[in-house]
Amino acid sequence: MNDTPSRRRPRRFSFLIPILAIIALLMGLQWWAGRSAETPPAFRVTTTLAEAASHATESNRPVLVFATASWCGPCQVFKRGALADAGINKWITDHTEPVYLDVDKHPQDAAELGIRSIPALVVLRGDSIVASHSGVMGAPALRSWLEESAAAAPAPAIPTPAG
């Protein structure tokens, strides 16, 4: 009979390795999703809300405000998703005066627009909010929302001279 103790290690904690691997993977995915995404092409031209309102008067197009923040995870998902779509960007530049509104840098503008959660989109005609949406949506839903919002923001009628 052999009285020497076994040199084999107990496997009491062997289940921890897969759990730690899963935790590390989830943390990596959270970091990747939360990192700052590129500004969508339609919003890369630096325009203030006041400048866009002035251009909108000249171009007869509504103002489209995209309210966001660098720390906002859903905002980054929206920028990488629907707002990265080439067709969406073309529609925005062809039909609106786009404004990229960082709510941390311009809290007064965000407050005036009634933005309480981000990401948010706001369509303005003159001084009036015509439509607004907060949250992430896919490209087809965004395209429909943009078209409906633009239709709800008709150009003001041009008065005809009395004759």
Side-chain angles (χ1 to χ4, degrees), residues 21-160:
I22 290 170
I23 290 170
L25 176 66
L26 291 174
M27 289 174 67
L29 287 173
Q30 184 178 13
W31 168 82
W32 181 82
R35 75 184 198 290
S36 189
E38 289 185 25
T39 302
F43 296 95
R44 286 189 184 147
V45 175
T46 307
T47 304
T48 66
L49 193 52
E51 291 169 340
S54 175
H55 292 142
T57 302
E58 296 167 12
S59 69
N60 212 17
R61 298 187 293 190
V63 173
L64 174 65
V65 179
F66 172 48
T68 184
S70 61
W71 50 263
C72 171
C75 299
Q76 308 318 311
V77 170
F78 198 26
K79 289 193 285 187
R80 283 189 198 97
L83 290 176
D85 182 273
I88 296 290
N89 279 280
K90 180 164 178 25
W91 193 96
I92 289 170
T93 56
D94 289 350
H95 296 92
T96 69
E97 295 294 336
V99 176
Y100 186 88
L101 180 66
D102 185 316
V103 297
D104 290 330
K105 294 178 182 173
H106 303 283
Q108 185 64 33
D109 288 341
E112 288 176 10
L113 293 172
I115 295 169
R116 297 186 189 275
S117 65
I118 52 176
L121 294 168
V122 179
V123 177
L124 302 166
R125 178 62 82 171
D127 292 336
S128 300
I129 295 175
V130 177
S132 64
H133 174 83
S134 62
V136 177
M137 61 181 126
L142 176 57
R143 178 69 180 250
S144 294
W145 183 86
L146 289 168
E147 289 172 351
E148 289 171 17
S149 299
I158 300 171
T160 55

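For this chain, numbers begin at 1 and follow the sequence in order. Source: prediction; values computed, not measured.
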Nearest 0.5 Å, what's the CG-OG1 distance between Leu101 and Thr47?
12.0 Å
Measure the CD-CG distance between Gln108 and Leu113 for me, rounded to the nearest 0.5 Å.
10.0 Å
Mind listing the closest non-hydrogen atom pair of [X] and [Y] along with its distance?
X: Cys75; Y: Thr68; answer: CB-OG1, 3.1 Å
X: Pro40; Y: Lys79; answer: CD-CD, 3.8 Å
X: Ile115; Y: Ala120; answer: CG2-CB, 4.2 Å
X: Ser149; Y: Val123; answer: CB-CG2, 3.7 Å
X: Phe78; Y: Pro119; answer: CD2-CB, 3.8 Å
X: Ala152; Y: Val130; answer: O-CG1, 3.1 Å

Do the non-hydrogen side-chain atoms of Thr39 and Phe66 ever get within less than 4.5 Å of each other?
no
What pairs meet the salt bridge (charged side-chain N to carboxylate O under 4.0 Å, His left out) rule with one or both residues in residues 40-65, with sequence neighbours excluded?
Glu38-Arg44, Arg61-Glu97
Could you tell me whether the side chain of Ser54 and the main chain of Ala50 form a donor-acceptor pair under 3.5 Å?
no
Any donor and acceptor pair, going by atom type alone, linking the side chain of Glu148 with main-chain N or O of Arg143 inside 3.5 Å?
no
Could you go step by step and tell me if Val63 and Val99 meet the side chain to side chain contact (heavy atoms under 4.5 Å, CB included) rule?
CA-CA 7 Å; Val63 173; Val99 176; 3.9 Å; yes
Let me check something: any side-chain donor-acceptor pairs from residues 81-92 under 3.5 Å, sequence neighbours excluded? List them with distances.
| unit_1 | atom_1 | unit_2 | atom_2 | d |
| --- | --- | --- | --- | --- |
| Asp85 | OD1 | Gly87 | N | 2.9 |
| Asp85 | OD1 | Ile88 | N | 2.9 |
| Asn89 | OD1 | Ala42 | N | 2.8 |
| Asn89 | ND2 | Leu83 | O | 2.8 |
| Asn89 | ND2 | Asp85 | O | 2.9 |
| Lys90 | NZ | Asp94 | OD2 | 2.7 |
| Trp91 | NE1 | His95 | ND1 | 3.4 |

Qualifying residue, where the test is side-chain contact (heavy atoms from CB on, under 4.5 Å) with Leu124 and the options are Thr96, Leu49, Leu64
Leu49
Which residue pairs satisfy the ring-ring contact (aromatic ring centres under 6.0 Å, His included) criterion with at least one member in residues 105-128, sequence neighbours excluded?
none
